[in-house]
Every structure is written in C-alpha cells, then in structure tokens.
Asks: 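Sharing a structure, written as structure tokens. Questions coming.
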Amino acid sequence: MGDGAHGVCVPWSTAQHPRCVPHGLSDLLRPDECRLIASSIATFQLGEQSEGRTLLRAAHRFAHGRRIPALVRVVELFIREEQHHAALLRAFMVDHHIALKRTDWTDRVFRLVRRLAGLELYLYILISAELIGIVYDRALETATDCQRLTVLCRGLVSDELAHIGFESQLLLALRAGRAAPVQALIRLAHRAFFAGTAGVVWLTHRSVLRKGGYRAPRFLRVCLSQHAFYLEPVNVALASGSVP
Ligand SMILES: [Fe+2]
Ligand SMILES: [Fe+2]
C-alpha cells in the first residue's frame, strides 16, 4: 500500500499485477454443469465489463471538489481490475463454448441508474453489486467440480473484498459528515435497495445459488449480514480487561 495525497491511500492493486489462473488445474466442466451455469455466468461476466467512463467522470468531479486527487488513481485501478475480471471470465466461457451475452435487463437497469448518479450514489450501487457478487462467487465456486472455475472465483472474491473495504470506508466517511436524520434516511434507503437487489439476484440466478447451497432465506441472510458488516455503524466499547 502507498499513501496518496490528502489522506487517501492508494491500495495495492492486482490491476498493476494482474491475477492469473495457474496452469495445470483441472479444467473439466461436465455438460450438465455447463448447462447449469451458462446463462448465469454470462450475465455475471457482463456486469464485470465496463469502461467505467461514468465512474471516472464522477470521481474526477468529486476529487476536484474535495481536493483529493489520489482518488482518481484508485478508481482507475478499480476499473482496470474489473475489466481483468471480465477478461478472465470471458476466457473461461470461450474455452467452454459458453455464449457471451451482449445485454441483460438487470445489467441495463444497473447501468441506467449509475449513469444518473454522482460518486456517492454510484459507489452505493457498485458496493451493493460487489457484496452480493461475493456471495454469488462462493456459490459458483462450489456449484461445479471444475478446479479452474473454483480458483477463478476465489481470485475474484479476494479482489472484490479489497474494493469493498475501500468503498465502504469512503461511504461511511461521507455519511458521517451528514446530519443524523439524513444519515438514518440514507441507511434505510440503501438497505431497502440492497435487499431488493439481492431478491432480484436470487430470482435470476437461483439455479446456481441453490446448487451452491443457498436457498432464498439463507442467501438473503448472508447478503444482509455482509451489508451490515461493511455499512452499518458499529458502536462497540471494549471495556478494559475484556480482551483476553
Ligand atoms: Fe469484479
Ligand atoms: Fe469490484
């Protein structure tokens, strides 16, 4: 990690050291496994694929207004990492003759909302997709016996956790600068949006999620606990002597 200007830390990023799936792993995907994941992984790959122009524009505006130029570099690296995720998934799909998608209604809705947003709202939408995405990745990882897909999913989760850590800190800092009632409203609105999005993801990817061990209640519970962990304020006072 390196310290950027004005307190924004530029995280070490695999965008500068692209993650690759090691050779020599079993790359067998049975026909039934292929049928199970094909449409779902294609939608997921589509979501990773973005030039990030809207996000970069929003980051430029925000960084300029608040005098935190290092933020633009961080966002550039995030975008590059997402593009690398899309490339890894595309290579896997091509090798297994899984058709790529050019469009999907869920992807269109996400992109439309993001286009209308400033950086803060954009980050809320992005972090929602990533928090739900890591639960999906863990399901996809166990939905087949393909080692290459398992390693690929674990790599994606590891990158997304770094993104989520940074984005959640930034969002909490932005939220903390607001009046208490506004903070409560933002929290409620985001939780409602998040729960609705998780519901849609369950409906549209339920075959893979079920195979990965997530029935609807468990999926929603795990997604919401991820959300609470990263985005709900924690007021824990450690009494002296309470830590062994
Ligand atoms: Fe990603
Ligand atoms: Fe990400």
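Order of listing sets the numbers, starting from 1, for every ligand and every atom in it. These figures come from a predicted structure and were not determined experimentally. Throughout, residue positions are numbered sequentially from 1 according to the sequence presented.
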Asks: Report the atom name of the nearest N/O/S atom of His85 relative to the Fe ion (ligand 1).
Replies: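 This turns out to be ND1.
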Asks: Determine which of the N, O or S atoms in Glu48 is closest to the Fe ion (ligand 1) and give its atom name.
Replies: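 Looking at Glu48, the N, O or S atom with the least distance to the Fe ion (ligand 1) is OE1.
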Asks: Answer yes when Asp104 and Arg108 have at least one side-chain N-carboxylate O distance shorter than 4.0 Å, and no when they do not.
Replies: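 Between Arg108 and Asp104 there is no salt bridge, as every charged N stays at least 4.0 Å from the carboxylate O atoms.
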Asks: Looking only at N, O or S atoms, which one in Glu160 sits nearest to the Fe ion (ligand 1)?
Replies: OE2
Asks: Which is the closest N/O/S atom of His163 when seen from the Fe ion (ligand 2)?
Replies: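 His163's closest N, O or S atom to the Fe ion (ligand 2) is named ND1.
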Asks: Taking the Fe ion (ligand 1) as the reference point, name the nearest N/O/S atom of Glu82.
Replies: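 Checking each N, O and S atom of Glu82, the shortest distance to the Fe ion (ligand 1) belongs to OE1.
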Asks: Backbone or side chain, does Glu130 get an N/O/S atom under 2.8 Å to the Fe ion (ligand 1)?
Replies: no
Asks: Do the charged groups of Arg138 and Glu141 touch, with an N to O distance under 4.0 Å?
Replies: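 Glu141 and Arg138: not salt-bridged.
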Asks: Measure up the His190 and Phe193 rings against each other and bin them: parallel (under 30°), tilted (30 to 60°), perpendicular (over 60°).
Replies: parallel
Asks: Going by the angle between their ring planes, with limits at 30° and 60°, are Phe166 and Phe78 parallel, tilted or perpendicular?
Replies: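 Ring orientation, 0 to 90° scale: perpendicular.
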Asks: Answer yes or no: is there a side-chain heavy-atom contact under 4.5 Å between Arg57 and Tyr122?
Replies: no
